[in-house]
Amino acid sequence: MNNKEFQIVVLAKQVPDTHNVGKDAMKEDGTINRAALPAIFNPDDLKALEMALACKDALKDIMPVKVTIITMGPSRAADIIRESLFRGADNGFVVSDRRFAGSDTLATSYALSAAVKKLGKVDLVFSGRQAIDGDTAQVGPQVAEKLDIPQVTYAEELVSMTEKEIVIKRRLDRGVETVKTSFPALVTVHGNATDCRPRHAERLILNKKACSASEAKEKNLDMEALWAKKPFLKIEEWNADDINPDYDRLGMTGSPTKVKSIENVVLTSKENKKINNSESEINELMKELISAHII
Ligand SMILES: Cc1cc2nc3c(=O)[nH]c(=O)nc-3n(C[C@H](O)[C@H](O)[C@H](O)COP(=O)(O)OP(=O)(O)OC[C@H]3O[C@@H](n4cnc5c(N)ncnc54)[C@H](O)[C@@H]3O)c2cc1C
């Protein structure tokens with residue numbers, strides 16, 4: 001990595017589209033039937049990408065900036081890198097290996113932090129607040145801990161960005177907090193943040209043939225000549241050995257979380273109550289809900 005460039009990394013996950021759940025979305029044992037759900041860019045991570053690109057825009061007249069995407073998943077997660085290239089990212093890496101299988105958030109954040117370290121000097125790391133499949137919101141903060149850098153969570157708005165510091169509005173339950181940090185730092189981006197810019201037509205044409213070696217092999221494509229001429233079209237893949245890990249901290253071995261059982265819970269209403277659109281009835285209902293600790 002060029003030490004004179006400002007280096008931004010975005011952690012982005014490919015997730016099953018849990019917003020479009022059909023009747024075959026769950027297997028009989030209660031686990032997700034990933035094959036029945038389309039794979040999409042985790043929504044918060046697209047917002048993280050936008051914040052990273054906005055930081056790049058803010059610095060572009062001051063210094064060179066590179067936005068790199070890291071995604072950990074199967075080889076088809078290269079879709080995430082291509083989509084990011086179309087929208088303005090500079091490059092990306094797919095971190096993929098069977099030895100990562102069964103990773104809980106601790107092992108996932110360990111592998112991702114090792115991948116970030118492999119890049120060398122990194123000034124700013126963005127992640128989504130939460131992935132829509134795992135839903136824990138743990139990975140971003142855990143990566144910051146493992147990199148030993150400050151973290152700003154729940155980022156909703158980029159207020160300002162210079163080569164020395166970033167100012168961010170954070171969304172909290174009861175309001176908004178404005179915070180400032182120097183670099184390096186990690187920022188987790190809230191779903192209320194600005195939507196990601198659309199694909200850029202020129203970038204789409206330039207990068208549409210980008211693919212990884214695994215994809216080329218799967219689709220029987222001979223990419224060597226094109227990659228020699230246009231190296232940016234090769235989406236790099238890192239396996240476990242490439243990120244110099246402590247192997248005991250990867251996959252199942254590195255995952256202390258054990259799922260004991262999974263149950264389908266079907267919520268059914270036991271009673272219903274109709275109220276009229278009057279202030280007194282609404283107030284009465286609010287009192288009831290508060291005293292029952294429902295809200
Ligand atoms: C015991 C156990 C076993 C599991 N086994 C598997 C398994 O075999 N296969 C499997 O697919 N899942 C498995 N999972 C789920 C997996 O642990 C989580 O999906 C993963 O750790 C990320 O957590 P999360 O989805 O809650 O992410 P969150 O913490 O909600 O994500 C926050 C942000 O972190 C970043 N991030 C998270 N994951 C990634 C990633 N992979 N790449 C890049 N950025 C990322 C994104 O920016 C995301 O918005 C297992 C979980 C447990 C508890």
Side-chain angles (χ1 to χ4, degrees), residues 11-34 36-51 103-109 126-145 151-159 168-179 186-196 255-295:
L11 305 175
K13 184 181 185 188
Q14 191 177 48
V15 291
D17 187 358
T18 51
H19 292 144
N20 284 309
V21 175
K23 60 180 179 345
D24 52 354
M26 299 293 279
K27 294 188 210 160
E28 272 184 12
D29 63 2
T31 58
I32 294 177
N33 180 9
R34 287 176 191 264
L37 292 167
I40 58 164
F41 207 119
N42 182 52
D44 281 6
D45 303 356
L46 265 179
K47 305 212 166 191
L49 173 60
E50 175 54 36
M51 208 172 275
S103 294
D104 66 4
T105 60
L106 201 66
T108 302
S109 60
F126 283 98
S127 77
R129 179 183 70 106
Q130 186 161 322
I132 59 168
D133 57 345
D135 261 354
T136 66
Q138 292 173 1
V139 170
Q142 288 180 359
V143 170
E145 285 294 313
Q151 55 183 279
V152 178
T153 51
Y154 293 76
E156 191 178 63
E157 188 187 327
L158 173 65
V159 178
I168 281 172
K169 279 191 182 164
R170 303 179 62 218
R171 166 58 53 185
L172 304 176
D173 270 356
R174 287 165 198 270
V176 173
E177 186 178 75
T178 304
V179 293
L186 182 144
V187 177
T188 80
V189 179
H190 194 275
N192 284 353
T194 310
D195 284 340
C196 192
S255 299
T257 318
K258 303 286 171 244
V259 179
K260 284 198 166 165
S261 69
I262 298 171
E263 286 170 41
N264 275 323
V265 178
V266 181
L267 297 174
T268 48
S269 62
K270 290 204 178 104
E271 54 179 287
N272 60 47
K273 184 169 187 172
K274 232 180 175 170
I275 59 163
N276 291 319
N277 186 14
S278 76
E279 201 156 315
S280 61
E281 289 200 30
I282 292 172
N283 282 344
E284 206 43 51
L285 178 68
M286 293 301 285
K287 276 186 205 152
E288 260 181 56
L289 292 172
I290 290 168
S291 70
H293 300 290
I294 293 170
I295 56 173

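Just so it is clear, the structure is predicted and the values come from calculations on it, not from any experiment.
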Specify the closest pair of heavy atoms between [X] and [Y], including all atoms of both residues, with the distance to one decimal.
X: Ser255; Y: Asp104; value: OG-N, 2.8 Å
X: Ala155; Y: Val187; value: CB-CG1, 3.4 Å
X: Gln151; Y: Glu145; value: NE2-OE2, 3.7 Å
X: Ser103; Y: Thr108; value: CB-OG1, 3.5 Å
X: Val15; Y: Phe41; value: CG2-C, 4.4 Å
X: Ala48; Y: Gly128; value: CB-N, 4.1 Å

Can you tell me how far apart [atom1] ([X]) and [atom2] ([Y]) are? Round to the nearest 0.5 Å.
X: Glu288; Y: Ile290; atom1: CD; atom2: CD1; result: 11.0 Å
X: Leu11; Y: Asp44; atom1: CG; atom2: CG; result: 13.0 Å
X: Gln138; Y: Gln130; atom1: CD; atom2: CD; result: 10.0 Å
X: Thr178; Y: Ile168; atom1: OG1; atom2: CD1; result: 10.0 Å

Keeping [X] on the side-chain end and [Y] on the backbone end, is there a donor-acceptor pair under 3.5 Å?
X: Asn276; Y: Ser278; value: no
X: Asn42; Y: Ile132; value: yes
X: Asn283; Y: Met286; value: no

If you count heavy atoms of other groups shown closer than 6.0 angstrom to NZ of Lys258, is the number above 12?
yes
What I'd like to find out is whether the side chain of [X] reaches to under 4.5 Å of the side chain of [Y], using heavy atoms alone.
X: Asp133; Y: Lys13; value: yes
X: Ile282; Y: Asn277; value: yes
X: Ile40; Y: Gln14; value: no
X: Val139; Y: Thr105; value: yes

Does Glu156 pair with Lys169 as a salt bridge, N-O distance under 4.0 Å?
no
Qualifying residues under salt bridge (charged side-chain N to carboxylate O under 4.0 Å, His left out), relative to Asp195, sequence neighbours excluded:
Lys47
Does a donor on one side chain sit under 3.5 Å from an acceptor on the other, for Thr153 and Arg170?
yes
